[in-house]
Amino acid sequence: QVQLVESGGGLVQPGGSLRLSCAASGSIFIYDMEWHRQGPGKQRELVATITRLASTNYADSVKGRFTISRDNAKNTMYLQMNNLDPEDTAVYYCNANNWKGRTVAWGQGTQVTVSS
């Protein structure tokens, strides 16, 4: 079973950028991958999806600012976040879903804090 580890979070000023990484312990090419986030006092929400064929989809709140990508050769998925807003403050999680749409793994999360 694949294991996922997120990294790249931190403290950034409004308008700044961060790139999150989700490193897998094994091959990810068979999985659809997702980024989720959970802000303080909020429910976890889906941020972005990238399928096995690299089709992408984004939550309306991040369209035009975030870019999801994957490098199957490195078993890693990324989330480039630009023009960050305090509302983006959250713990960001990645997951992997199999061809049946079942989640097979979650990462432990990485904290992103947007504040001046």
Side-chain angles (χ1 to χ4, degrees):
Q1 179 125 344
V2 68
Q3 294 180 324
L4 305 175
V5 178
E6 301 95 336
S7 62
L11 174 63
V12 63
Q13 292 187 342
S17 298
L18 283 174
R19 189 175 83 152
L20 306 183
S21 298
C22 172
S25 59
S27 296
I28 63 169
F29 74 93
I30 61 172
Y31 298 117
D32 296 333
M33 305 287 292
E34 297 175 340
W35 284 101
H36 295 247
R37 67 185 181 186
Q38 186 165 15
K42 298 179 181 179
Q43 291 188 330
R44 190 174 296 193
E45 63 174 342
L46 177 62
V47 174
T49 299
I50 185 164
T51 70
R52 291 166 289 167
L53 300 180
S55 293
T56 60
N57 198 21
Y58 299 91
D60 287 343
S61 59
V62 306
K63 278 181 183 176
R65 300 188 299 122
F66 289 12
T67 302
I68 189 171
S69 62
R70 64 193 295 164
D71 186 337
N72 291 338
K74 295 183 178 179
N75 297 326
T76 303
M77 175 180 65
Y78 304 97
L79 186 68
Q80 177 66 43
M81 305 186 295
N82 297 329
N83 193 23
L84 283 161
D85 184 89
E87 289 294 309
D88 297 316
T89 295
V91 179
Y92 284 71
Y93 301 89
C94 62
N95 72 2
N97 300 318
N98 66 14
W99 65 277
K100 293 182 178 180
R102 183 171 300 169
T103 298
V104 298
W106 281 96
Q108 84 291 347
T110 186
Q111 176 71 47
V112 172
T113 302
V114 184
S115 175
S116 56

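The figures that follow rest on heavy atoms only: side chains count, while hydrogens, waters and symmetry mates do not. Along the sequence shown, residues carry numbers from 1.
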Q. So, do L79 and R37 sit near enough that their side-chain heavy atoms are less than 4.5 Å apart?
A. no
Q: Side-chain contact test, heavy atoms from C-beta onward, threshold under 4.5 Å: evaluate it for W35 versus M77 and give yes or no.
A: yes
Q: Is it possible for you to say whether Y78 and Y31 belong to one hydrophobic cluster, with membership spreading through side-chain heavy-atom contacts below 4.5 Å?
A: no
Check: residues 4-29 side-chain donor-acceptor pairs under 3.5 Å, at least two apart:
from	atom 1	to	atom 2	distance (Å)
E6	OE1	Q108	N	2.9
E6	OE1	G109	N	2.8
E6	OE2	C94	N	2.8
E6	OE2	G109	N	3.3
S17	OG	N82	OD1	2.9
S25	OG	Q3	N	2.8

(Q) Within this structure, what is the CG-CZ distance for the pair D88 and R65, rounded to the nearest 0.5 Å? (A) 4.0 Å
Q: State the OH-CD1 distance between Y58 and I50, to the nearest 0.5 angstrom.
A: 7.0 Å
Q) Run the side-chain contact (heavy atoms from CB on, under 4.5 Å) check on V47 and E34 step by step: do they pass? A) CA-CA 7 Å; V47 174; E34 297 175 340; over 6 Å; no
(Q) Please check: side-chain N/O of N98 versus main-chain N/O of G101, any donor-acceptor pairing under 3.5 Å? (A) yes
Q. Shortest non-hydrogen contact from M81 to L84?
A. CB-CD2, 3.8 Å
Q.
Considering only residues two or more places apart or on different chains, which pairs with a residue in residues 50-60 satisfy salt bridge (charged side-chain N to carboxylate O under 4.0 Å, His left out)?
A. D32-R52, D60-K63
Q: Provide the closest heavy-atom pair for A96 versus M33 in the form atom of the first, atom of the second, distance.
A: CB-SD, 3.6 Å
**Q.** Q38-H36 side chain donor-acceptor pair, cut-off 3.5 Å
**A.** no
Q: For the residue pair Y92 and F66, categorise the inter-ring angle as parallel (less than 30°), tilted (30 to 60°) or perpendicular (more than 60°).
A: tilted
